[in-house]
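Just below is one structure, and these are the notes that go with it.
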Amino acid sequence: MPDHIIEPELTWTGPPGEERFERNVRIAVENGRISEVGALSDEPTHRLPRTAILPGFVNTHSHAFQRGLRGRGETFPEEAGDFWSWREEMYRLVKSMDEQRIYELSRQTFSEMLDAGITAVGEFHYLHHSPGTGDFALDKVVLRAAADAGIRIVLLNVLYRAGGLGPEGHTPLSDAQQRFAAPSVDAFWEQMDRLAEVVAQGAGAPGLCGGGGLSSLGVAAHSIRAVPLDELIAFSEEAARRGMPLHMHVEEQPREVEDALHHYGRTPMGLLNAHLRISPLFTAVHCTHTSTADLDDYLSAGGNICICPLTEANLGDGLANVPWMLRHDGRVCLGSDSNSRIDMAEEMRWLEYGQRLATLSRGVCVNRASRGAGHVAERLLHAATIAGARAIGLRTGAIRPGFLADLVALDLDHPPLAGADAETLLPAFLCGSDGGAVAGTFVNGTWREKMHRTRRSLSPRSMSPRSMTGG
Ligand SMILES: [Zn+2]
């Protein structure tokens with residue numbers, strides 16, 4: 001017997017590559033997974049008139065605490081700012097934060113993600129320690145914040161070993177970076193073993209850290225700047241042995257490419273291709289300045305690339321060669337990264353719009369890709385769902401039996417969607433609307449109404465006896 005039967009007005013369904021919005025579809029959910037999709041005879045437990053259901057969005061790359069920088073770092077000295085001056089601002093934020101503040105910021109960030117239709121996040125987490133300690137206490141704090149917000153999380157715990165990469169090799173960590181450090185690679189894996197216990201304990205008990213089975217673990221190497229190559233090789237072998245996703249910042253800034261060329265005689269991506277076993281469990285984040293030859297080697301080995309359009313724009317990183325990346329089907333996913341804005345519709349839109357501006361053409365994310373033609377909105381949705389799920393090792397991102405019951409409901413009465421029909425709704429959402437269209441989400445089959453809507457429904461004006469009984 002299903003636990004829930006969901007009945008929206010429109011459901012995004014169909015075989016892979018041929019999905020579209022259909023009417024008269026019900027979704028059955030059992031033990032947090034979709035068990036059946038179709039014209040089911042069971043009575044609905046969740047009737048959602050005037051909504052359209054999509055797979056929940058997967059945010060492949062986030063640093064939740066950086067939400068604390070929103071609105072800061074936007075005042076510039078005469079010489080203007082760049083990524084490195086932003087990083088100084090971020091380090092100042094790190095210094096000011098204790099456990100409570102990290103919890104609050106992370107919880108706020110994860111709630112905003114749910115409000116924007118993001119049901120799963122890959123949290124690239126490197127702020128490990130309470131001030132003045134090496135206690136790794138903040139790893140659990142972030143898991144607890146995600147559990148309390150109700151989002152599915154893959155904690156991509158980050159190995160951070162060096163301050164930077166100079167001509168003579170890696171430099172020691174600066175004061176500001178001490179809270180990111182692992183004393184050794186072995187000590188890092190011991191912390192991963194402790195976290196595995198925390199996640200396992202929480203799996204059957206909502207409210208505990210890691211609660212409700214919504215948490216799992218992966219790892220990340222911060223960057224070629226922060227992890228020496230010999231350690232990175234051993235680290236990636238251990239991650240593969242454990243079957244864990246491994247993520248890494250790669251070539252976000254030209255300086256990183258120059259530093260690696262100077263010290264190693266190869267680009268960062270060239271080093272990864274030459275020394276690591278690249279597989280679908282590996283995700284390179286950004287690749288803004290990666291050469292086409294390096295991209296070909298990396299993508300043909302099965303690696304994923306996570307693009308973070310809004311953050312890359314905010315930080316002035318540059319524009320990645322997305323058309324080239326998309327020649328390798330389905331390898332590009334999306335992340336909200338610095339969380340200066342949390343909106344997957346905008347991330348999808350700017351994955352395409354950035355390329356339109358750069359190439360003076362339209363439909364770049366389909367026309368330059370291997371299929372040669374098609375609907376750009378489907379392609380963008382693929383990046384925000386199934387491609388992201390693959391990168392963080394989750395079976396979510398599609399409305400099919402066996403997939404996790406992580407879904408997003410769009411409000412068809414949201415004014416920017418007025419006039420859209422089943423054919424035009426997805427492009428109308430991606431080009432003309434934003435997370436404001438999200439009515440709520442299902443995570444593991446549990447419905448969560450959007451935060452600001454819940455507040456609105458509690459306003460005195462709507463406190464009629466009918467609404468008070470929950471009608
Ligand atoms: Zn990042």
Side-chain angles (χ1 to χ4, degrees), residues 58-70 72-73 82-91 93-94 97 102 105-106 109-110 112-113 118 120-128 138-139 142 153-165 176-177 179-180 218-227 232 245-257 268-269 272 282-290 303-320 332-344 347 350-351 383-384 388 391-392:
V58 178
N59 182 4
T60 311
H61 185 74
S62 153
H63 311 285
F65 79 91
Q66 290 180 12
R67 167 70 178 78
L69 281 175
R70 187 179 294 175
R72 297 190 202 193
D82 61 12
F83 173 87
W84 306 102
S85 60
W86 169 85
R87 194 175 72 157
E88 288 310 311
E89 187 78 34
M90 188 263 283
Y91 285 174
L93 173 74
V94 164
M97 284 197 296
I102 293 282
L105 269 175
S106 302
T109 304
F110 296 142
E112 276 183 42
M113 285 180 189
I118 295 164
V121 59
E123 177 64 21
F124 195 106
H125 170 67
Y126 60 87
L127 179 47
H128 297 299
L138 302 180
D139 300 357
V142 171
I153 185 171
V154 179
L155 188 75
L156 300 162
N157 226 28
V158 176
L159 180 69
Y160 205 113
R161 296 275 296 141
L165 182 57
Q177 294 166 327
R179 294 179 69 184
F180 314 154
V219 289
H222 182 273
S223 57
I224 204 78
R225 291 175 275 127
V227 183
L232 176 61
L246 168 57
H247 289 215
M248 187 168 166
H249 291 127
V250 180
E251 302 185 4
E252 179 176 10
Q253 286 285 322
R255 193 167 108 190
E256 180 184 294
V257 181
M269 186 57 104
L272 301 185
F282 196 95
T283 298
V285 181
H286 301 304
C287 298
T288 320
H289 301 281
T290 304
N304 311 293
I305 294 177
C306 180
I307 305 287
C308 308
L310 298 183
T311 298
E312 288 155 11
N314 183 276
L315 297 183
D317 287 339
L319 207 52
V332 174
C333 50
L334 289 165
S336 68
D337 198 359
S338 67
N339 295 307
S340 64
R341 166 84 166 125
I342 298 171
D343 197 297
M344 284 309 264
E347 300 285 2
W350 280 97
L351 185 68
I392 56 174

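Atoms within each ligand, like the ligands themselves, are counted from 1 in listed order. As the structure is a prediction and not an experimental result, all values here were calculated from the model.
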Open item on the list: Is the distance between the ring centroids of H61 and H63 under 6.0 Å?
Closed with: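 Close enough - the centres of the two rings lie under 6.0 Å apart.
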- [ ] For F180, check ring pair (Phe, Tyr, Trp, His ring centres under 6.0 Å) against everything at least two apart and list the hits.
- [x]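 Result, ring pair (Phe, Tyr, Trp, His ring centres under 6.0 Å) vs F180: Y91, Y126, Y160.
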Open item on the list: Looking at every heavy atom in both M113 and N339, which two are closest together, and how far apart are they?
Closed with: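 What the structure gives for the nearest pair is CE-OD1, 3.5 Å.
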Hey, is the Zn ion (ligand 1) within less than 2.8 Å of some N/O/S atom on [X]?
| X | result |
| --- | --- |
| H249 | yes |
| D337 | yes |
| H286 | no |

Open item on the list: Rounded to the nearest 0.5 Å, what separates atom CG in D343 from atom OG in S336?
Closed with: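 Reported value, rounded in 0.5 Å steps: 10.0 Å.
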